[in-house]
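Taking it in order: structure first as structure tokens, then the write-up.
Just so you know, these numbers come straight off a predicted model, no measurement behind them.
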Amino acid sequence: MTAVAAPVREERSLGRRSMLSFAGSATSALLGFLLVVVLARFLGDADSGIVLQAIAVFMIALGFARFGMDSTAVWLLPRLADDQPQQVRATAWFLIAVSGIAGSLCAVVVWIGAGFAAEADPADPLPAVVRVSAVFLPIAAMLLTALAVSRALGRIAEYVLIGGIGLPAARLLAVLAALLLGVALSGVMLAWALPAALALALALVVVARQLRGLGTGDGARFFGTALPTRTLGFAGPRVISAALEQMLLWISVLVVGAVAGAAAAGVYGAASRFVAAGMIVDSAIRVVFAPVFSRMQHRGAEGEVRELHRTATSWLVLFSAPVFLLLAIFAPVALSVLGPDFASGASTLAVMCIGALIAFLAGNVQTILLTAGRSGLAAINKAVVVTVNVALIPPFVAMWGIVGAAWAWTIACVIDALLAWCEIRFVLRLRIAPGAGFAALAVCLGSVGLSAMIARLVLGPSFVGLVVAAGLGLALFAAACRFGRIPLRLAGLAPPTPRPPE
């Protein structure tokens, strides 16, 4: 194999896995969006706001409950596979067990906290709904860690099928069935949380088969080595940063609910779910690239890390920007799917789409920071941005309504990306390219963005306008990608050229 062929083959391998991960993330996002539609249509803005606030509490608590074990798996297991393969099996089960213990403790804390909230305001239905979900925190924590172990050991398909497709599909069907039966909000929350138990059982079977396939680890000592300390040393700061990451995603819903009421929280939560759907490319790339970043940094291959960051950033911007541009320009059309109560969230959705797109220009900088072992810096960054977000929401909402909350979230996301980029440049001393996503952004603006603006001006904020914008924009986008595949670093996504017969 030539020196040129090796990187191309590696990039193609990453491309194939990224497309598989993207398919799973896209399916998950679609199912999550359908869940929001079902909640909005059956419950309206106020009651759907209660359920979304309960999910927000669950997801924030889950950040603590997993105890950083999922991120530790992605960071540590690829390195052990290189250096100490006999320790992989014991370490993997240790990570899963710790997340279960931490999840149980968090469940108790959330249950007690919800009880205090119920005593303070007996008329508020939220604490009862939160209590139902708290029981499932250890299950969800172990599930995420088990799936992280699986992908850290190189398996993407099982991760996608269980976590990206199976779990969200089961949740959607269970919630729909509960709503059709007319159960209370607590029953709806139970239907949302229960499928995690089946997903965990499947994930544990997959991990057990993977670990048996390694063929090493029998009789290997674990607790008498430095591995437990090394694991918990990385996980400690990661617990904080993971919880704060979930807070950045969800706390806005809670703060908006506290400041402006459950109906406003429902509208804001629905808009934020559209943005989360637009982040599927980020999720797909992170799933595939994180173990590779960890292995490269462990080997000291800085040049390869820089090139991989260029590729990841180009793909991230290129394939996420069209979604955000269409959502921002046709926000009223997107939110109309949920019903007339949600029309007020159009400007909120547009602002959040712009903010996410700006933050994506930095690339997967948080992933590089974490896979370099700098979980402490990541925790500090998240503490800063969550503090900024929470501090800005009340005055911004008072001035501009829920659009103000969107601006607060946007500012926090941009600060998060800038902090991580500066730490990579000046602490890790890794010269990653600051403009790796600019060419991709220019392609998206010139194809999808321009088409969407013209369609909006000519046809108005209508479904027909959205369809025309998407059709014309994506046709131009595909042509631009075809002719610019080299500067856009798309060679890895193309099928290998067949060799001529010898």
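Taking the side chain as every heavy atom from C-beta outward, M189 and I55 approach each other to under 4.5 Å. Residues V388 and I415 are in side-chain contact: their nearest non-hydrogen atoms beyond the backbone lie under 4.5 Å apart. Residues F58 and V130 form no side-chain contact, since every pair of their non-hydrogen atoms from C-beta on lies 4.5 Å or further apart. Within the 4.5 Å cutoff, side-chain heavy atoms of L167 are placed close to those of L143. F42 has its side chain within reach of L176: a pair of non-hydrogen atoms, C-beta onward, lies under 4.5 Å apart. I50 has its side chain out of reach of L43: every pair of non-hydrogen atoms, C-beta onward, lies at least 4.5 Å apart. Side-chain contact between L450 and L445 is absent, with no heavy-atom pair separated by less than 4.5 Å. Inter-residue side-chain proximity for L476 and S451 is flagged as met; some heavy-atom pair is nearer than 4.5 Å.
Taking each heavy atom of G345 and A271 in turn, the nearest pair found is O-CB, 4.3 Å. Across all non-hydrogen atoms, the minimal contact from A73 to V149 is CB-CG2, 3.9 Å. The two residues A383 and T387 make their nearest non-hydrogen contact at O-OG1, 2.7 Å. Taking every heavy atom of both residues into account, L357 and A321 meet most closely at CD1-CB, 3.6 Å. In terms of heavy atoms, A203 sits closest to L147 at CB-CD2, 4.0 Å. Pairing each heavy atom of V427 with each of L377, the nearest pair is CG1-CD1, 4.0 Å.
Side-chain atoms of R482 never come within 3.5 Å of backbone atoms of F477 as a donor-acceptor pair (strictly under, hydrogens ignored). For the pair S71 (side chain) and G68 (backbone), a donor-acceptor distance under 3.5 Å is absent. When atom types are taken as modelled, the side chain of S462 and the backbone of L459 share a donor-acceptor pair closer than 3.5 angstrom. Judged by distance alone, the side chain of T145 and the main-chain N or O of A141 form a donor-acceptor pair under 3.5 Å. With hydrogens and angles ignored, the 3.5 Å screen pairs a side-chain donor or acceptor of R171 with a backbone N or O of W192. A donor-acceptor contact shorter than 3.5 Å links the side chain of S336 to the backbone of V333.
The local environment of CH2 in W407 is sparse, with at most 12 non-hydrogen atoms from other residues, nucleotides or ligands closer than 6.0 Å. Other residues, nucleotides and ligands contribute only 12 or fewer heavy atoms inside 6.0 Å of the CZ atom of R431. Counted within 6.0 Å of CZ on F426, heavy atoms from surrounding residues, nucleotides or ligands total more than 12; the atom is thus considered enclosed.
To the nearest 0.5 Å, atoms OG (S150) and CD (E158) are separated by 5.0 Å. The distance from atom CG of L190 to atom CZ of F136, rounded to the nearest 0.5 Å, is 5.0 Å. Between I165 atom CD1 and Y159 atom OH the span is 12.0 Å, to the nearest 0.5 Å. Rounding to the nearest 0.5 angstrom, the gap separating the CG atom in L430 from the CD atom in E423 is 13.0 Å. Within the model, atoms CD1 of I402 and OG of S272 stand 10.0 Å from one another, a figure rounded to the nearest 0.5 Å. Considering OG1 of T313 and NE2 of H309, their distance stands at 3.0 Å, rounded to 0.5 Å.
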Residue pair W400, F396: steps toward the ring-ring contact (aromatic ring centres under 6.0 Å, His included) verdict = CA-CA 6 Å; W400 301 306; F396 279 21; 5.1 Å; yes
message = If you apply the rule side-chain contact (heavy atoms from CB on, under 4.5 Å), what do you find for L428 with L369, and how did you get there?
response = CA-CA 8 Å; L428 300 184; L369 199 62; 4.2 Å; yes
task = Determine, step by step, whether Q366 and N381 satisfy the side-chain hydrogen bond (donor to acceptor under 3.5 Å, both in side chains) criterion, reporting the C-alpha distance in whole Å, the side-chain angles of both residues, the deciding distance to 0.1 Å, and the verdict.
result = CA-CA 10 Å; Q366 289 88 356; N381 294 350; over 6 Å; no
request  = Decide side-chain contact (heavy atoms from CB on, under 4.5 Å) for C481 and L318; before the verdict, give the C-alpha distance in whole Å, the side-chain angles of both, and the deciding distance to 0.1 Å.
outcome  = CA-CA 9 Å; C481 290; L318 188 66; 3.9 Å; yes
ask   = Which is it for V160 and T27 under the side-chain contact (heavy atoms from CB on, under 4.5 Å) test, yes or no, and what are the steps along the way?
value = CA-CA 9 Å; V160 169; T27 304; over 6 Å; no
query = Checking side-chain contact (heavy atoms from CB on, under 4.5 Å) for the pair L52/Y268: CA distance, chi angles, key distance, verdict?
reply = CA-CA 10 Å; L52 288 174; Y268 182 88; over 6 Å; no
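When each of V414, L441, T410 is tested with I358 by the rule side chain to side chain contact (heavy atoms under 4.5 Å, CB included), just one qualifies, namely V414.
Remark: T348 engages no residue in a side-chain hydrogen bond (donor to acceptor under 3.5 Å, both in side chains) (not counting sequence neighbours).
Checked against the 6.0 Å centroid threshold, F360 and F324 count as a close aromatic pair.
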